[in-house]
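Remember, it's a predicted structure, so these values are computed and weren't measured experimentally. Here, residue 1 is the first one in the sequence, and each next residue gets the next number.
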Amino acid sequence: ALEAVEKFLQENPDIKIDGVLTFWEDDVLLTSRIADKFGLIGVPYKVAQNCRNKFLFRRFCEKNAIPCPRYVLIHSEKDLDAVIRQLTFPVVLKPVFGSSSAFVVKVEDKDELPGVYKYLKENVSPQIESALADGTGIFAEEYIDGDEIDIEMLVQNGKVKFSAVIDNYKISGEPFFMETAASIPSNLPEATEDELCEMAEEVLEKLGVQNGCIHFEAKSTKTGPMPLEVNLRMGGDEVFSAIKAVYNTDFIVNAAGIALGLYIPKVKKPEEPKKCIVAQYFQPEDSGILSKLWIDPELEKKDYLEELQIFKGIGDTILIPPQGFETLGWMTVSGNTHVDAQNNLNEALKSIRYEVVKFKPTSSIGKTTRKNHFSVASLGKAMTPRGAKIEKIRQFSLENQRNLHIGIACNIYSGQEGNEVEKDLMSVGKNIEKALLTRGYKVTFFDLNDAHGVFSQVPKSNVDFIFNVCERVNDSSLLEPHAAALFDVLQMPYTGSNPFTLALCIDKIRMKKLLHFHGIPTPRWDYAYEMDDEISDDLRFPLIVKPATTDNSIGITNESVVTDKKQLQTQLERVILDIKCPALVEEFIEGDEYDVSVLGNEEDDLRALPLMRTLFDKMPAGYWHILPYNAKWDLDPVYSNCVYTQRPPKNISKKLASLITELGIDTYNILGCHDYGRVEIRVDKDDNPYVLELNPNPSINRGDCVPGMAELAGMDYADFIEEIIRLAIKRYKNKPPYYHLQSSYL
């Protein structure tokens, strides 16, 4: 940042920077560094360090005869013994560089101490409180009983030009400390207020704070005032508007004037304030999802309403201690007296209602039980916000589906000539993106060929839900299941099947074993992993030899169908030695092929779309009736001229159509498919059906089989894409996350 400022000044010699100012805790130290380097008005960096670092501030107070609690810096668990020996319980553990009372925890006795320390070590993170970017150290100090207050101050040339005391008269339930209400002016006796302001002025003088806008935190105790923190910026939230309303003093204008070196006259406060203001923070009792929020429109018309700020919307996560340190928002209300203001606040609160759905036992959040707050390890810092994505979907209203921010997980075509598969993969994602944009969704695209990038991008993005059509990772279809696994690990809800099903179906040998176990008719078969594995002599030629772990017909050619042992040996060598895959060997079924497209997850929404039939009766001599790689990707004109489809099939019996459909649904359920899938079935000359395979992640590009069949059922392409999202949301609502790991079929 310093280099950037220096470069800017060099490149713009006509521009002069007159001052530097921040209202953000995170940039207090940076602001001081800039002031030092460029000779601007501000708090010197060495002074700022003593304020920003709470441990250094305690040490400074101790050296300068300023009252402060006893304290111990904690480097590791070994230092907990020093806390027990040197301090009197209760004590408070807090981050050295914390802000907004985040991670400030009261510890009643030595038995609680290890658990609280472990909680802080596991959770203190700038991802939860950005001010911790300066450091995540922890220290302990003795708990000081008394009234907690803030003193807002303007200081210029070492003189206090303005100070006002604000009461923090409600603090959230211990052991955590989060302000829930405040009032200005203070209700403390005038003598107590004067004592507090004199103490604050003395601390600033000894620190060497000559200029600035100060948010000073202190306590009024039985033995007198005691400083807690010195924040070198204006107080947050309601402070600016409340000070302006009560004392007609603009802290932003005055802070800027001080930074610019403009003389600020001392503000003479009126003997009686213009009004009294109370502030109320909205904090739920439990972490969860905001499910209801109602604000009476008449509230805005009330004269006593000063300001209303709501930070959350329906469906948003609110994390309260110990999971997080958030509020729904806050409100300030005024009155002629404190009693009047409090009565107005009570009336105003009737105009705001909200409900937060507590995280359920089926969620990974809040699942553990505790003997006390910290007797069991809390959730990890990275787990909580992402687990909330699943919980948000679980609580989501389908009527608001188009408010979701959808991430599309797909593959970007890398540009190789002749790579038909990758071209198609990119086209799928782009067409889904277009369809969602036309329906008003916000969309972000993720390229799973850059898996490292996705792993970092998804958590940082604001996507609510992933539409997963990834078929390759690192240019390998074998890693397709890992994309879904990645989203499970990140606790990001997604469409389509789980990693277990995706992995099972890409392994045709294991899939066949499971279907055989459940009595699903498939062609008679055998397999080989090595060239010395024997193929059963009971199989009858012709046979078809397939790579057992590829998709998109990769490795399937017209020569894959063999009629004798010599051809069989040749194809086994091609698959095992050249393609380096296990080989699946099946009796070849000569007949029509049917595709059963299935949507849904449970009985009430599970349905098969119209069937598609592929016929081969116009194939010329020498061509087997199959769809090899060259046929699927239009590389051989013979197939485009001689293979044709019927959507839906013509001239087949209702009995056969029903049997094929039911076999398709059974296969879909046995293999644990989610949301949508396509089952391939062949019939022999006697109309006996045989399941060939299930594709749990079939291509759903415009014109492809599954969306094409959906169109026959009355859904256009965008309807079809939205239906998949709807089914996935419903699945997350009705089932616990990762329930696929407990499938009764598997």
Side-chain angles (χ1 to χ4, degrees), residues 1-53 56-57 60 97 99-100 130-131 133-134 150-164 166 197 200-217 229-269 307:
L2 295 174
E3 290 174 0
V5 175
E6 193 165 38
K7 183 180 178 182
F8 175 83
L9 291 172
Q10 290 171 355
E11 294 176 350
N12 299 273
D14 296 335
I15 295 178
K16 180 179 180 294
I17 293 179
D18 299 305
V20 58
L21 180 64
T22 187
F23 294 97
W24 193 28
E25 184 66 25
D26 300 29
D27 277 348
V28 163
L29 292 179
L30 175 60
T31 302
S32 292
R33 291 287 297 275
I34 291 173
D36 284 356
K37 183 174 179 64
F38 298 100
L40 304 173
I41 294 172
V43 178
Y45 181 69
K46 289 184 177 180
V47 175
Q49 280 184 305
N50 284 333
C51 299
R52 180 79 181 89
N53 185 315
L56 293 182
F57 178 63
F60 172 85
F97 288 100
S99 178
S100 305
S130 61
D134 285 326
D150 297 330
I151 309 173
E152 305 303 324
M153 308 175 74
L154 294 171
V155 180
Q156 188 175 44
N157 300 322
K159 294 186 177 181
V160 176
K161 299 299 183 77
F162 175 88
S163 63
I166 299 177
C197 290
E201 187 172 354
E202 178 188 348
V203 170
L204 294 181
E205 183 179 355
K206 289 182 176 180
L207 278 168
V209 176
Q210 294 287 304
N211 295 281
C213 173
I214 312 298
H215 176 72
F216 196 110
E217 298 179 25
E229 299 177 15
V230 177
N231 301 287
L232 304 178
R233 40 82 186 172
M234 182 178 71
D237 295 334
E238 81 286 351
V239 167
F240 169 74
S241 59
I243 293 285
K244 191 170 184 179
V246 173
Y247 296 114
N248 197 29
T249 298
D250 190 316
F251 256 48
I252 294 176
V253 169
N254 282 284
I258 292 170
L260 291 168
L262 304 177
Y263 177 74
I264 303 298
K266 187 167 185 175
V267 178
K268 187 176 181 180
K269 291 188 291 187
E307 196 167 4

- Rounded to the nearest 0.5 Å, what's the gap from CD1 on Ile151 to CE on Met153? Could you check? 6.5 Å
- Item | Atom pair CD (Glu25) and CZ (Phe97), whose distance is rounded to the nearest 0.5 Å | 10.5 Å
- Message: Any non-hydrogen side-chain atom of Leu204 less than 4.5 Å from a side-chain atom of Glu201?
- Response: no
- Between NZ on residue Lys161 and CD1 on residue Ile258, distance to nearest 0.5 Å: 7.5 Å
- Query: Would you call Asn254 and Cys213 a side-chain contact if the rule is heavy atoms closer than 4.5 Å?
  - Reply: no
- Heavy-atom closest contact (Leu260 atom, Gly19 atom, distance): CD2-N, 4.1 Å
- Task: List the steps, then state whether side chain to side chain contact (heavy atoms under 4.5 Å, CB included) holds for Leu29 with Gln49.
- Result: CA-CA 7 Å; Leu29 292 179; Gln49 280 184 305; 4.3 Å; yes
- Message: Less than 4.5 Å apart, side chain to side chain, heavy atoms only: is that true for Tyr247 and Val267?
- Response: no
- Item | Gap between atom CG of Asn50 and atom CG of Leu207 - 0.5 Å precision | 6.5 Å
- Task: Check for a donor-acceptor pair, side chain of Lys269 on one end and backbone N or O of Ser163 on the other, with a separation under 3.5 Å.
- Result: yes
- Does the pair Glu11 and Lys7 meet the rule for a side chain to side chain contact (heavy atoms under 4.5 Å, CB included), with working shown? CA-CA 6 Å; Glu11 294 176 350; Lys7 183 180 178 182; 2.9 Å; yes
- Query: Does the Asp27 side chain pair with the main chain of Thr22, one donor and one acceptor, at a distance under 3.5 Å?
  - Reply: no
- Message: Does any part of the side chain of Leu2, heavy atoms only, come nearer than 4.5 Å to the side chain of Ile34, both counted from C-beta?
- Response: yes
- Query: Can you find a heavy atom in the side chain of Tyr263 that is under 4.5 Å from one in the side chain of Gln156?
  - Reply: yes
- For residues Lys244 and Phe251, determine if any side-chain heavy atom of one lies less than 4.5 Å from a side-chain heavy atom of the other. no
- Least distance between heavy atoms, Ala259 atom then Leu21 atom: CB-CB, 4.4 Å
- Drop me the distance from Arg233's CZ to Asp26's CG, to the nearest 0.5 angstrom. 9.5 Å
- Note on the structure: Ala1 and Leu30 have their tightest heavy-atom pair at CB-CD1, 3.8 Å
- Message: So Ile264 and Phe162, do their side chains get closer than 4.5 Å, heavy atoms only?
- Response: no
- How long is the span from the OH atom in Tyr45 to the OG1 atom in Thr31, to the nearest 0.5 Å? 12.0 Å
- Item | Donor-acceptor contact present, side-chain Asn231 to main-chain His215, <3.5 Å | yes
- So, do Asn211 and Val155 sit near enough that their side-chain heavy atoms are less than 4.5 Å apart? no
- Message: Using side chain to side chain contact (heavy atoms under 4.5 Å, CB included), reason through Cys51 and Val43 one step at a time and then give a plain yes or no.
- Response: CA-CA 10 Å; Cys51 299; Val43 178; 5.7 Å; no
- Message: Has Asp250 got a side-chain atom pairing as donor or acceptor with Val253's backbone, closer than 3.5 angstrom?
- Response: yes
- Should we say atom CD of Glu3 is surrounded by more than 12 heavy atoms from elsewhere, each under 6.0 Å from it? no
- Message: Working note: Phe216 + Val203, criterion side chain to side chain contact (heavy atoms under 4.5 Å, CB included); need CA distance, chi angles, decisive distance, verdict.
- Response: CA-CA 10 Å; Phe216 196 110; Val203 170; 3.9 Å; yes
- Note on the structure: Looking only at heavy atoms, the pair that brings Thr249 and Leu154 closest together is CG2-CD1, 4.3 Å
